[in-house]
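Read through the structure below, which is laid out as structure tokens, and then see the notes.
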2 protein chains.
Amino acid sequence: MSHMGYPRLMAVDRDHVLRSAAALLTRKSTATMDEVARAAGISRATLHRHFAGRDALVRALESLGIAECEAALAAARPDEGPASEAVRRLVHEIEPAAGLLAFLYTENQLFEGEEQNEGWARLDARIGALFRRGQASGEFRIDLTPAWLTEALYGLMASGAWAVAEGRVARKDFTHMIVELLLGGALRREES
Amino acid sequence: MSHMGYPRLMAVDRDHVLRSAAALLTRKSTATMDEVARAAGISRATLHRHFAGRDALVRALESLGIAECEAALAAARPDEGPASEAVRRLVHEIEPAAGLLAFLYTENQLFEGEEQNEGWARLDARIGALFRRGQASGEFRIDLTPAWLTEALYGLMASGAWAVAEGRVARKDFTHMIVELLLGGALRREES
DNA sequence: CTTTCTTGAGACATTAATGTCTCACATGGG
DNA sequence: CCCATGTGAGACATTAATGTCTCAAGAAAG
């Protein structure tokens, strides 16, 4: 056996390589293919056997990030209970992937004209729907558009990830800082 | 005359070149020196006469961004009146430079170990002081640290600039979106 | 043990951006 | 008119990352 198109052992390591790359590129977004390979404990040649090139690696990281976001979104049960609580759950669930998200978020700004992965569009739509639900139920103010709230969520996650990485914010406060700032703005104030 | 160390005419254009570069790099942060030169309407050789290299150009842009932020901060009179109004004035004043800020903000994430321009530290301190003043006066909640509020301000400005650039948010809503989201979170809610 | 397959190491060509230099040209001042 | 100077265009070397290839060694499966 093992004369199939795809090798046996590679599939096992692929995920490990991907996560090493995510961890490294989160810290140094310009890391070389060689650095990525070393970080994963493999040679550059083997890295190239996993991913045809840097583009392929980034696209794979994109898929990973999208998958993690979708998993977090599913775990957050966005259609259940108050929208504000759903947002809180979402940020909490997504926290472990925040560094990767920050990398992909800024990386996507470079793809100026090129089409973006449709996965992002789907995610944007689902997160936007959550904010829209909150507006419809009267929890969220309506003068901030769902599209902007979604964008702000990404931006705050990236800022939070960097602030933690540079020690300006304690890691344990990550979720609290983001949720409180975002919800405090998105939640309609009681008219006293 | 004009046998001095620095040429006469170059000083006139330098600012124009710098602003062209800012406008271009805001849209495409990976633009080539050649592209930057063409965008400014000069040749690559002349661009090199203005700025020794890409590093020098980015450092000059950094100085420009810092200068614009400091000018905006001064114009916003951060020590006058309610802190929330000062923040509103600050965002409004800084809006024209938001694109440049977004570029520099993400650019700085690459300088991993290297020391950052001390100008940023000074700005961080002054903006942080504004938030601290708001906390001391009871306007802002105290569970969000001034450092995080400062970071969040940068992040929201960058997100806002990108959202506008990609048409997800109307340019005229820029200041409103950012201020409302940031202040809504930073402002202590009335206990009803 | 033998075969099979992956891997690591290194050599090599390619590509893209950069930095440097020269030279002809135009312009403006004297 | 003549000189000085900034400029654009292009040639050229350099650098860094990338992609591709070969080959020997090691491990696993038979």
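No experiment lies behind these values; they were computed from the predicted model shown.
- The heavy-atom pair separating A:Ala86 from A:Ala76 by the smallest distance is O-CB, 4.2 Å.
- As a whole-Å value, the separation of A:Phe51 CZ from D:dG19 C1' is 16 Å.
- The separation between A:Asp55 atom CG and D:dG19 atom C1' is 12 Å, rounded to whole Å.
- Residue-level contact check: A:Arg54 touches the backbone only, with heavy atoms under 4.0 Å from sugar-phosphate atoms and none from bases.
- Distance, A:Glu35 CD to D:dA17 P: 7 Å, rounded to whole Å.
- Note: CG (A:Asp34) to P (C:dG8) measures 12 Å, nearest angstrom.
- Judged purely by distance below 3.5 Å, without hydrogens or angles, the side chains of A:Ser159 and B:Glu151 never pair a donor atom with an acceptor atom.
- Atom CZ of A:Arg38 is separated from atom P of C:dG8 by 11 Å (rounded to the nearest Å).
- Aromatic pair B:Trp162/A:Tyr105: centroids less than 6.0 angstrom apart.
- Here D:dG8 presents its C1' atom at 14 Å from NE2 of B:His48, a figure rounded to the nearest Å.
- The side chain of B:Met33 has C:dT18 as its nearest neighbour among C:dT18, C:dG8, C:dT22.
- For D:dG19, its base sits under 3.5 Å from the side chain of A:Arg44 at one donor and acceptor pair at least.
- In this structure, B:Ser43 does not reach the D:dA9 phosphate: none of its side-chain N or O atoms is under 4.0 Å from OP1 or OP2.
- The phosphate of C:dG8 (OP1 or OP2) has a side-chain N or O of A:Thr46 nearer than 4.0 angstrom.
- Remark: C1' of D:dC21 and CZ of A:Arg49 are 10 Å apart, rounded to the nearest angstrom.
- Screening B:Arg54, B:Lys28, B:Arg44 for a salt bridge (charged side-chain N to carboxylate O under 4.0 Å, His left out) with B:Glu35, the sole residue that qualifies is B:Lys28.
- One interatomic measurement links the two molecules: CG of B:Asp13 to C1' of D:dG8, which rounds to 14 Å at whole-angstrom precision.
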